[in-house]
K.L.:
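Dropping the structure in here first, questions after.
Lettering of chains follows the sequences in order, A, B, ..., and the numbering in each one begins at 1.
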Amino acid sequence: MATEYERKRLENIKRNYEMLASLNVHGTKSLLSSATKRSRDESKSIKTKKFKKKQKPEEPIVIRQSLRTRGLTPDLKGLPNGFSDKPRRNVVSVSKNESVRVLAPLSLDDVYEGEGSYSEFVDCIVNGEFGDGKACGEKRIDFDEVPLKLEQENVARVVPERILVVKFLPLENVRMVVAGDKSGNVGFWNLDCDDEKNDGIYLFRPHTAPVSSLVFQQNSFSKVISSSYDGLIRLMDVEKSVFDLVYSEDEAIFSLSQRPNDEQSLYFGEGNGMFNVWDIRVGKSSFQWDLHERRINSIDFNPQNTNVMATSSTDGTACLWDLRSMGAKKPKMLKTVQHAKPVHSAYFSPSGHMLATTSHDNYIGILSGANFEDTHMIDHINSTNRWISCFRGVWGWDDSYIFVGNLSKRIDVIAPKLRRTVMELHNPLMKAIPCRIHCHPHNVGMLAGATAGGQVYVWTPK
DNA sequence: TCTATTGTTAAGTGA
DNA sequence: TCACTTCCACAATAGA
């Protein structure tokens, strides 16, 4: 199977290199990006700038026509089936609005959507001082002594569309977040940069469909790996100025993770429940397991024992797996948490002693005990609608708190031991629902909330 | 039983 | 301020 993947991948890369060469992608790009660039006078308004309406629907047609008129073989694979859980749905309607998927490396220039130069961004990443790559350990935060605050300067629209993933870069000396949105944009925001032209925001579009995950390559943080519903995994290498193509298939990739201390492999979920372990160096699949009935929404590893993995799925379950012991066709399942509706996340606590699941059934599940044998369900409204990315309860800097979005435009802070919301983060500046949240891996008390409108709100300790 | 369609909803855009 | 558009989550319903 792996060799088949590899063969197809190489074929695609070759074909698309030819296509790129014939199309003169740089020229094409300037045409594409001109439609999405912001006008100059708009950029004056603080950091919540307006984005022009997405790409024009005719753009892909232009490319496809030129392909045909040039007598080139089009991308016969078309777009991934996996946009929906139910295969073979929506494919036609989707392809109408999607740009062409380029199965080849893309230079940063090719997909830069912003104004002006992004050289400052490159300098910042290349010269940044990185943390040790691990979470800051278990650091307790006392909200009575250190309340969190939200300030105007820490509000920005980082990408044009609904955010599916937001992350702080693991930098020590610069505060930078990256967000992936519904249209395949990846936007970086340097909070410590106040360049008049771009306000420290650098927008790229390496994907043609929703960006599902962003991870930082271990031990080389100038590399950002992105997965997308477009079926691609790209590796952004800032030093080499390229979004490389790591993996391409027809099925949408809904989740991506890296196992601590294993920088060579990518762990991701594609299509209806397939789980893939991909060897980056060799460029082929090490394992493929059918772990779930429906799409896998999250993958996480126990920081205490990285052989133990948690997955959550639209099939209504979250599962713990032992990667050391194999069953007949897949790893040994240690535990299943059953929810009544899709589960959108299952994350281990910083200590590795607990697991938090977030489900559309309006419960947040807490697993604890030596073997995660104790399960408690906490009521929490998680049933978002189609416009809002599903909530995911994320852990703070120790096992004391879970942060999760609330439909009333606030962030709920849940104490798992008390099994209730103990604090709410709200502020008039937070004008939309913070559906995806990330806590800074090094700076205790710094957390980002991301919305369906592309905004990011960074809360900081007072 | 499986597939297709529809309703729900938030938030940006532009008049 | 308001009408319009979005449309890739999910559930309920209709249809094959």
K.L.:
So, is A:Lys182 close to the C:dT6 phosphate, meaning a side-chain N or O under 4.0 Å from OP1 or OP2?
P.N.:
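Checking C:dT6 against A:Lys182, no side-chain N or O comes under 4.0 Å of OP1 or OP2.
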K.L.:
A:Asn297 CG to C:dA9 P: how many Å, rounded?
P.N.:
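Going from CG in A:Asn297 over to P in C:dA9 covers 9 Å.
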K.L.:
Are A:Phe268 and A:Tyr247 near enough that their ring centres are under 6.0 Å apart?
P.N.:
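Yes.
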K.L.:
Can you see if the side chain of A:Tyr229 gets near the phosphate of C:dA9 - specifically, an N or O under 4.0 Å from OP1 or OP2?
P.N.:
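True: A:Tyr229 side-chain N/O within range (under 4.0 Å) of C:dA9 OP1/OP2.
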K.L.:
Take atom NE2 of A:His360 and atom P of C:dA12, then tell me their distance rounded to the nearest Å.
P.N.:
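Value for this atom pair: 11 Å.
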K.L.:
Whole angstroms only, please: what is the CG-C1' distance between A:Asp361 and C:dC10?
P.N.:
13 Å
K.L.:
Would you tell me if any nitrogen or oxygen in the side chain of A:His344 comes within less than 4.0 Å of OP1 or OP2 on C:dC10?
P.N.:
yes
K.L.:
Roughly how many Å is it from CG in A:Asn385 to P in B:dG12, rounded to a whole number?
P.N.:
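It is 13 Å, rounded to the nearest whole Å.
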K.L.:
Does OP1 or OP2 of B:dT13 have a side-chain N or O of A:Arg157 closer than 4.0 Å?
P.N.:
yes
K.L.:
Touch check for A:Lys431, heavy atoms < 4.0 angstrom, all strands: base, sugar-phosphate only, or nothing?
P.N.:
nothing
K.L.:
Please measure how far the C1' atom in C:dA9 lies from the corresponding atom in B:dT13, and state the result in whole Å.
P.N.:
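It comes out at 24 Å once rounded to the nearest Å.
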K.L.:
Between A:Gln455 and B:dA11, does any side-chain N or O lie under 4.0 Å from OP1 or OP2?
P.N.:
no
K.L.:
Under a 3.5 Å cutoff, is there a donor and acceptor pairing between the side chains of A:Glu270 and A:Asn276?
P.N.:
yes
K.L.:
In whole angstroms, how far is the P atom of B:dG12 from the CZ atom of A:Arg162?
P.N.:
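These atoms are roughly 13 Å apart.
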K.L.:
Testing A:Ser255, A:Ser345, A:Ser312 one by one against A:Ser298 for a side-chain hydrogen bond (donor to acceptor under 3.5 Å, both in side chains), which residue passes?
P.N.:
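So, applying the side-chain hydrogen bond (donor to acceptor under 3.5 Å, both in side chains) to A:Ser298 and each of A:Ser255, A:Ser345, A:Ser312, only A:Ser312 qualifies.
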K.L.:
Is there a donor-acceptor contact under 3.5 Å linking the side chains of A:Asp181 and A:Ser183?
P.N.:
no
K.L.:
Nearest whole angstrom, please: distance from the P of C:dA11 to the CG of A:Asp315.
P.N.:
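Rounded to the whole Å, the gap is 12 Å.
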K.L.:
In whole Å, what is the span from the NE2 atom of A:His339 to the P atom of C:dC10?
P.N.:
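Rounded to whole Å, this separation is 14 Å.
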K.L.:
So what does A:Ile433 touch, heavy atoms closer than 4.0 Å: a base, only the sugar-phosphate, or nothing?
P.N.:
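Sugar-phosphate contact only - A:Ile433 comes under 4.0 Å of backbone atoms but never of a base.
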K.L.:
Rounding to a whole Å, what distance do you find between A:Met430:CE and B:dA10:P?
P.N.:
16 Å
K.L.:
Nearest to the A:Arg386 side chain among C:dA11, C:dC7, B:dA10, which nucleotide is it?
P.N.:
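The closest nucleotide is C:dC7.
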K.L.:
Does C:dT6 have A:Trp387 stacked on its base, where the ring centres are within less than 5.5 Å and the planes differ by under 30°?
P.N.:
yes
K.L.:
Only one of A:Thr314, A:Thr317, A:Asn297, A:Asn272 passes side-chain hydrogen bond (donor to acceptor under 3.5 Å, both in side chains) with A:His292; say which it is.
P.N.:
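Going through A:Thr314, A:Thr317, A:Asn297, A:Asn272 one by one, the side-chain hydrogen bond (donor to acceptor under 3.5 Å, both in side chains) with A:His292 is satisfied by A:Thr317 alone.
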